[in-house]
Protein chains: 2
Amino acid sequence: MTTDPYSSSLQGVASQRVADILAGRILSGELPPGARIKQDELADELATSRIPVRDALRMLEARGLVVIRANAGARVMTLTRRDLEVSYEIRERIEPLLLADSVPHLTGEDLADLRKVMERNQGATDVEEAMALEREFHWITYRRHSTPLLAQIVERIWDTTQSYRRDYRKLAMGHTMTGAGRTHDVEHQLLYDAVAKKEVETAQAALVLHIRRTRAELARHSGVLANPGSGARNEAG
Amino acid sequence: MTTDPYSSSLQGVASQRVADILAGRILSGELPPGARIKQDELADELATSRIPVRDALRMLEARGLVVIRANAGARVMTLTRRDLEVSYEIRERIEPLLLADSVPHLTGEDLADLRKVMERNQGATDVEEAMALEREFHWITYRRHSTPLLAQIVERIWDTTQSYRRDYRKLAMGHTMTGAGRTHDVEHQLLYDAVAKKEVETAQAALVLHIRRTRAELARHSGVLANPGSGARNEAG
DNA sequence: CTATGCGCGATCGTATACCACCTGATGGAT
DNA sequence: ATCCATCAGGTGGTATACGATCGCGCATAG
């Protein structure tokens with residue numbers, strides 16, 4: 001039970017329940033990018049009718065987790081290498097905004113939580129655990145934001161890129177465990193220190209560094225990761 | 001007719017048709033922020049059942065145009081002053097990315113279109129016309145992008161802020177028609193010149209200036225515009 | 001052997017009817 | 001005057017049915 005920064009409450013509403021379950025499966029990698037999602041099948045499995053399933057799919061489309069094509073079904077969102085690259089460029093530019101909005105209002109307890117997660121992360125060896133902790137770490141720094149709009153955009157990007165980050169981590173774990181892993185930890189430490197001291201601009205710089213280096217790392221390895229990039233300029237019907 | 005980066009055609013699909021109509025009403029201001037949307041009513045009016053209407057509402061929720069609360073109905077998205085401010089800060093940071101991605105690939109015809117729209121805009125006095133031309137102008141500069149993800153985010157922000165921009169323009173038209181209006185035109189000219197010369201960084205700078213100044217202008221007048229801002233830090237169930 | 005077109009099945013989209021539940025408002029009791 | 005209970009409107013969900021559309025395999029032509 002990780003403290004997922006997303007997870008909406010509302011248990012009684014079937015569509016929300018379906019959406020949560022589906023989102024979990026996508027974010028956990030159980031449903032990989034490109035996987036087809038059949039409405040009947042899912043409705044049957046979750047003991048509900050197709051309407052909540054359809055509603056859930058629309059909700060997930062809103063979050064960028066699935067893509068729906070009329071009469072052709074829903075599939076888990078796929079990103080091209082370029083999309084992934086762009087996602088990081090966007091993060092680099094807007095997450096500092098979210099951070100600056102939150103940091104001044106973080107409490108002592110928030111900082112304690114942050115430190116705890118950071119330290120647990122430094123000892124983590126399991127990919128799933130590391131991903132969850134990484135996510136939690138950053139979202140604690142964003143915890144006291146007052147800009148849901150911005151947070152939603154950021155979260156959406158985290159969600160849509162999650163599967164690809166996982167693929168990378170699994171790949172990287174084999175041969176860079178000590179090198180890249182350590183750098184990652186150092187960056188977290190830098191970010192934590194700046195956040196704890198409420199040095200907003202330093203924290204922003206640390207965050208940008210962190211995101212940019214991760215992007216570069218990911219780009220370096222993206223050759224082996226799948227994806228038939230369509231180098232098309234805009235779309236035309 | 002703005003160059004919508006997605007806008008699926010598909011006329012046969014009722015839900016898409018409903019979504020398009022609803023989006024039009026919201027963007028035109030016919031349905032102002034906060035307006036309630038009743039499913040039965042809309043279904044009846046458009047001679048369809050509630051299912052396509054629900055689907056359409058979910059689609060519009062995905063675009064950030066409406067907000068759906070379980071059992072409490074759908075309403076046109078409302079932004080607080082803070083949301084509006086943040087929207088502009090986001091635009092300031094990510095639209096230059098989109099611009100840089102597109103400008104190098106703009107054709108001579110694109111530039112001709114751009115110039116045409118700019119000149120028509122300089123003579124426009126009608127608020128609706130000016131808004132449409134403003135939108136078209138910028139989207140022509142983005143026309144040759146290859147990053148639908150980024151374009152989608154940008155378009156979403158344009159959509160959700162449209163009603164508020166309209167309110168401002170209507171307000172400003174009365175007493176700043178010559179002052180602010182001229183500045184606006186000059187900025188467009190600066191952007192156009194840089195784009196035409198394919199000076200990407202200059203164009204980006206001009207764009208940032210344009211967005212930032214618009215934001216400042218809007219903030220200055222936002223006092224009179226509605227909105228009961230909830231100064232709450234994050235949400236808590 | 002490859003390419004083109006056809007047709008059928010699997011799914012999706014939509015319609016209808018009905019019940020269950022939530023929300024907001026109305027009105028009465030303290 | 002404030003608070004709580006009740007009630008209608010409206011949405012969420014279920015069940016069922018049927019037309020429309022897309023993918024894919026198969027037959028046929030080159």
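Here is how names work: the chains are called A, B, and so on, in the same order as the sequence lines, proteins then strands, and each is numbered from 1.
In this entry the distance linking CD of E61(A) with P of dC12(C) reads 14 Å, nearest Å. Atoms CG (D44(A)) and P (dT11(C)) sit 12 Å apart, rounded to a whole Å. Atom pair R54(B):CZ and dC12(C):P shows a separation of 17 Å (rounding to whole Å applied). A straight line from CZ of R58(B) to C1' of dG12(D) spans 9 Å, rounded to a whole angstrom. Rounded to whole Å, atom C1' of dT11(D) lies 14 Å from atom CD1 of I37(B). When the P atom of dT14(D) is taken as reference, atom CG of D55(A) falls 10 Å away, rounded to whole Å. For the pair L46(B) CG and dT14(C) P, the computed distance is 13 Å after rounding to whole Å. Atom-to-atom, CG of L42(B) to P of dT11(D) comes out at 10 Å; the value is rounded to the nearest Å.
Salt bridge absent: E61(B) and R58(A) never bring a charged side-chain N and a carboxylate O closer than 4.0 Å. Under a 4.0 Å N-O distance rule, the pair R135(A)/D159(A) qualifies as a salt bridge. Salt-bridge formation is not detected for the pair R115(A)/D110(A): no Lys NZ or Arg NE/NH1/NH2 atom is positioned less than 4.0 Å from an Asp or Glu carboxylate oxygen.
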Between N or O atoms, less than 3.5 Å apart, protein on one side and nucleotides 4-8 of chain D on the other: list the pairs.
none

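Among the nucleotides dC12(C), dT14(D), dT14(C), the one closest to the side chain of S49(A) is dT14(D). If you check dT11(C), dT11(D), dG13(D) against the side chain of Q39(B), the one that comes closest is dT11(D).
One finds no side-chain N or O of R36(A) lying less than 4.0 angstrom from the OP1 or OP2 phosphate oxygen of dG23(D). Phosphate contact (OP1/OP2 of dT14(C), side-chain N/O of S15(B), threshold under 4.0 Å): present. Close to dA15(C), at under 4.0 Å from its OP1 or OP2, lies a side-chain N or O of T48(B).
Nearest-nucleotide positions on DNA chain D place I51(B) closer to the 5' end than the other of I51(B) and R75(A).
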From CA spacing to verdict: side-chain contact (heavy atoms from CB on, under 4.5 Å), Q16(B), M59(B): CA-CA 8 Å; Q16(B) 189 65 52; M59(B) 292 186 214; 3.9 Å; yes
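The two residues L106(B) and T141(B) have their closest heavy-atom pair at CD1-O, 3.9 Å. Across every non-hydrogen atom of R93(A) and L97(A), the tightest pair is O-CG, 4.4 Å.
For R91(B) and Y88(B), the positive end sits near the middle of the six-membered ring, less than 6.0 Å away and at most 45° from its axis.
In this view, D113(B) and R143(B) satisfy the side chain to side chain donor-acceptor pair (under 3.5 Å) rule, not counting sequence neighbours.
If you check every strand for non-hydrogen atoms under 4.0 Å, L57(B) touches nothing.
Between Y142(B) and W139(B), the two ring planes are perpendicular [angle over 60°; tilted spans 30° to 60°].
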Contact letters for nucleotides 19-24 of chain C, in which S counts primed atoms plus P, OP1 and OP2 and B counts the base, heavy atoms under 4.0 Å: ---SSS
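L111(A) contributes atom CG, which lies 6.5 Å from atom CG of L114(A) (distance to the nearest 0.5 angstrom).
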